> 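My questions will all concern the structure given below.
Note that the structure is predicted; figures quoted are calculated from it, not measured.
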Number of protein chains: 2
Amino acid sequence: MKNRRITLKDLAKDLNLSASTISRALDNHPAISESTKKLVKKKAEKLGFIPNSIASSFRTNKTKSIGIIVPRIDIHFHSLVISGIEDYAYKNEYNVTIFQSKDCLKREKEIVKILQNRMVDGVIACLSIETKKCDHFKKFEKLGVPLVFYDRVPTDFDANKIIINDFESAFTATEHLIASGCKRIGHIAGSQKTNIFKARLEGFKAALVKHNLPIQEDFILHTKNLGYEEGVTCANRFLELPELPDGIFCANDYTAVSLIQVFRKADIKIPQQVAIVGFSNYPISKIIEPHLTTINDCAFQMGESSAKLLIRQIEDKDDSVNSETITIRTELIVRESTKRA
Amino acid sequence: MKNRRITLKDLAKDLNLSASTISRALDNHPAISESTKKLVKKKAEKLGFIPNSIASSFRTNKTKSIGIIVPRIDIHFHSLVISGIEDYAYKNEYNVTIFQSKDCLKREKEIVKILQNRMVDGVIACLSIETKKCDHFKKFEKLGVPLVFYDRVPTDFDANKIIINDFESAFTATEHLIASGCKRIGHIAGSQKTNIFKARLEGFKAALVKHNLPIQEDFILHTKNLGYEEGVTCANRFLELPELPDGIFCANDYTAVSLIQVFRKADIKIPQQVAIVGFSNYPISKIIEPHLTTINDCAFQMGESSAKLLIRQIEDKDDSVNSETITIRTELIVRESTKRA
DNA sequence: ATTAGAGATGCAAACGTTTGCATAAAAAAT
DNA sequence: ATTTTTTATGCAAACGTTTGCATCTCTAAT
């Protein structure tokens with residue numbers, strides 16, 4: 001029952017025109033008369049002609065599609081970024097093909113190899129956690145395939161990057177605690193092997209320094225993955241201290257939520273005794289009680305910007321060398337977890 | 001600086017062989033001698049040959065890629081499904097191209113049109129909330145493109161479907177409340193225009209009937225989108241009743257979480273006074289306190305199954321007509337919100 | 001020594017579209 | 001009436017791979 005597909009040639013034969021005329025007519029080429037265009041389009045509609053985009057890609061060397069490499073799709077941050085990418089791409093008639101590196105360098109390299117074979121006009125990637133050197137990405141440049149990194153970006157090599165200012169955001173978050181009257185401020189830090197979390201710790205410290213507050217090393221707790229359970233551990237470590245901090249800036253929302261829950265059970269009032277700030281504006285931040293003050297990392301917008309930059313570079317005729325870094329402006333969202341008196 | 005890509009012909013010229021031999025050698029065709037294969041592969045590696053997959057697709061009419069249509073990528077359920085699809089597809093050397101319908105029928109139709117043009121070997125879709133009739137999907141069958149629906153599936157047309165048994169799951173959840181000693185059981189229902197939520201309501205009622213418990217209509221609250229805020233409204237409506245239910249089965253986790261929070265503020269003990277069961281096993285269900293008993297809808301597995309079924313149909317030579325419905329087994333996850341005495 | 005068969009490679013066409021160039025027909029300028 | 005310009009269409013090649021069939025060489029069987 002699978003009827004053979006209609007091709008340009010079929011239309012051509014049917015209308016006693018050449019395939020080139022059909023092609024141009026459907027493409028609104030100015031050299032084709034209006035009457036012919038109308039005729040061709042009507043016939044195409046009637047016969048149910050669907051252009052073979054693979055043949056077109058083959059001929060033109062353009063696929064109108066972009067490849068995305070993310071650690072995992074089901075992490076909310078990345079799903080938001082992808083959503084932003086898809087949205088912008090769709091408006092510009094690109095489609096997106098997605099790969100998960102699973103935070104595994106080996107798999108990332110495999111994917112990079114797969115993507116070399118002309119399947120995509122450009123690539124957007126967030127590095128796997130294991131990735132330290134980015135040599136495998138360099139092939140794209142040689143092949144003339146534009147490449148944009150977001151969030152976890154390479155440091156060892158010049159590239160297009162879409163990032164947020166982690167240092168500044170952490171600085172703002174910490175200053176907010178200070179402005180709320182906190183004097184003894186702690187931090188739950190992510191892996192210092194990841195630049196992002198390093199920057200957040202540094203921003204935190206810089207704010208303390210600026211306001212002449214002491215940096216107390218036992219108020220700075222380190223974690224591996226900023227997981228929910230690690231947050232519980234941190235909370236208990238805080239509770240064992242001779243004196244609790246009166247404000248804590250967490251490098252993500254999960255650990256912040258853990259703090260809130262453990263502290264509440266220990267009958268510690270939030271924000272009166274301890275004010276808490278998270279990072280990322282996960283959905284849970286506006287559900288947990290008290291609602292969590294946090295930094296909106298603008299993931300969707302990050303996706304949009306990545307797609308925008310990439311598509312601009314794909315379509316840019318003049319092949320000027322270019323590697324831009326765009327920093328997305330984050331915002332502090334103040335909620336109950338820091339609203340004191 | 002963009003060096004021209006190496007093609008089969010380049011390799012052929014370089015080795016004084018024909019392009020066909022090169023092609024077959026790289027493909028491990030049995031007719032090619034081992035020595036030649038070794039030679040060719042070595043040369044290919046050395047010159048950095050990357051096969052042009054577009055040309056290959058063009059020739060063979062196979063793209064080794066599958067299209068996915070989801071309402072939104074950033075809904076956790078869908079991101080999990082996509083993750084499952086990508087995982088299975090990757091193992092089988094397929095890649096996935098994603099489109100968001102944004103729950104908009106018009107956009108869904110546009111996407112369907114885009115996907116007709118030979119870009120994909122098969123399609124996996126979850127219907128937009130607006131979609132009532134699925135005629136626009138029928139073209140795929142005519143074109144010989146396999147199609148699998150998941151979660152929100154068409155009822156007006158025979159197709160491959162991956163679903164969970166919503167009726168049975170709701171039944172199980174309700175029976176669990178009954179087994180926990182609840183006698184006056186309520187329900188927060190989703191839009192009855194959506195089959196899924198209709199089935200959950202029916203499963204709920206069936207369990208009551210089976211155990212000779214009364215179906216009290218003022219214990220059944222209806223919502224539009226099962227949103228968090230709607231959950232709050234429902235919670236307050238329950239509180240206004242002359243007598244509270246002693247167990248509530250919610251058609252999703254968001255509304256269940258709202259119940260927990262509002263009830264807690266009203267000093268109602270969960271699960272002692274009211275036991276609560278959700279649906280979907282969202283991440284928040286194991287964070288909210290008390291942790292929420294819920295139905296694990298096995299989203300990742302749903303994705304895997306969809307991909308598995310689709311790829312089987314793509315690669316099935318014998319063109320036997322086929323429309324399978326696979327029901328994924330859900331599981332009840334019991335947590336504190338129903339653990340009474 | 002001849003033939004049959006296996007083994008290895010090459011030839012050439014095909015997939016459907018796009019595009020530079022040529023050409024035909026019609027209109028405008030001489 | 002002839003030449004020039006404009007307008008509309010067609011020709012044919014090209015993109016890189018795959019694949020049925022033909023060809024060639026060499027070994028094995030007669």
> Does the structure place the NZ or CZ of A/K138 under 6.0 Å from the centre of the six-membered ring of A/F157, at an angle of no more than 45° from the ring's axis?
yes
> For the pair made of CG in B/L39 and P in C/dA8, what is the distance, rounded to whole Å?
15 Å
> What's the CD1-P distance between B/I54 and C/dT17, to the nearest Å?
15 Å
> NZ of A/K9 versus C1' of C/dA13: gap in Å, rounded?
11 Å
> How close or far is atom P of D/dT17 from atom CG of B/D27, stated in whole angstroms?
12 Å
> Give one of base, sugar-phosphate or nothing for B/L17, where a contact means two heavy atoms less than 4.0 Å apart.
sugar-phosphate
> Counting side-chain heavy atoms from CB outward, which of C/dT9, D/dT17, C/dT19 is closest to A/T60?
C/dT19
> Rounded to whole angstrom units, what separation is found between the CZ atom of A/R24 and the P atom of C/dC21?
12 Å
> Would you mind classifying the nucleic acid contact of B/S56 as base, sugar-phosphate or nothing, using non-hydrogen atoms under 4.0 angstrom?
sugar-phosphate
> From CE of A/M119 over to P of D/dT17, roughly how many Å is that when rounded to an integer?
16 Å
> Check B/E34 with B/K38, please: is the shortest side-chain N to carboxylate O separation under 4.0 Å?
no
> Students often get this wrong, so: under 4.0 angstrom with heavy atoms, is A/N16 touching a base, only sugar-phosphate, or nothing?
sugar-phosphate
> Here's a test of your reading of the structure: between B/S35 and B/N61, which maps to the more 5' nucleotide of DNA chain C?
B/S35
> With the criterion set at under 5.5 Å between ring centres and under 30 degrees between planes, would C/dC15 be stacked on B/F58?
yes
> Answer yes or no: side-chain N or O of B/S20 and base N or O of C/dC11 forming a donor-acceptor pair under 3.5 Å.
yes
> On the nucleotide C/dG10, are OP1 or OP2 found under 4.0 Å from the side-chain N or O atoms that B/S18 carries?
yes
> Looking at every strand, decide which applies to B/T36 at a 4.0 Å heavy-atom threshold: base, sugar-phosphate, or nothing.
sugar-phosphate
> In whole angstroms, how far is the P atom of C/dA8 from the CD1 atom of B/I22?
16 Å
> Determine, for B/D14 against B/K46, whether the closest basic-nitrogen to carboxylate-oxygen distance falls under 4.0 angstrom.
no
> Looking at CD of B/Q116 and NE2 of B/H136, how far apart are the two atoms once the value is rounded to the nearest 0.5 Å?
10.5 Å
> So does B/R5 pair up with B/D10, basic N to acidic O under 4.0 Å?
no
> Roughly how many Å is it from NE2 in A/H29 to C1' in D/dT9, rounded to a whole number?
11 Å
> B/S33 near the nucleic acid: base, sugar-phosphate alone, or nothing, with a heavy-atom cut-off under 4.0 Å?
sugar-phosphate
> Once you apply a heavy-atom cut-off of 4.0 Å, does B/S23 come out as touching a base, just sugar-phosphate, or nothing?
base
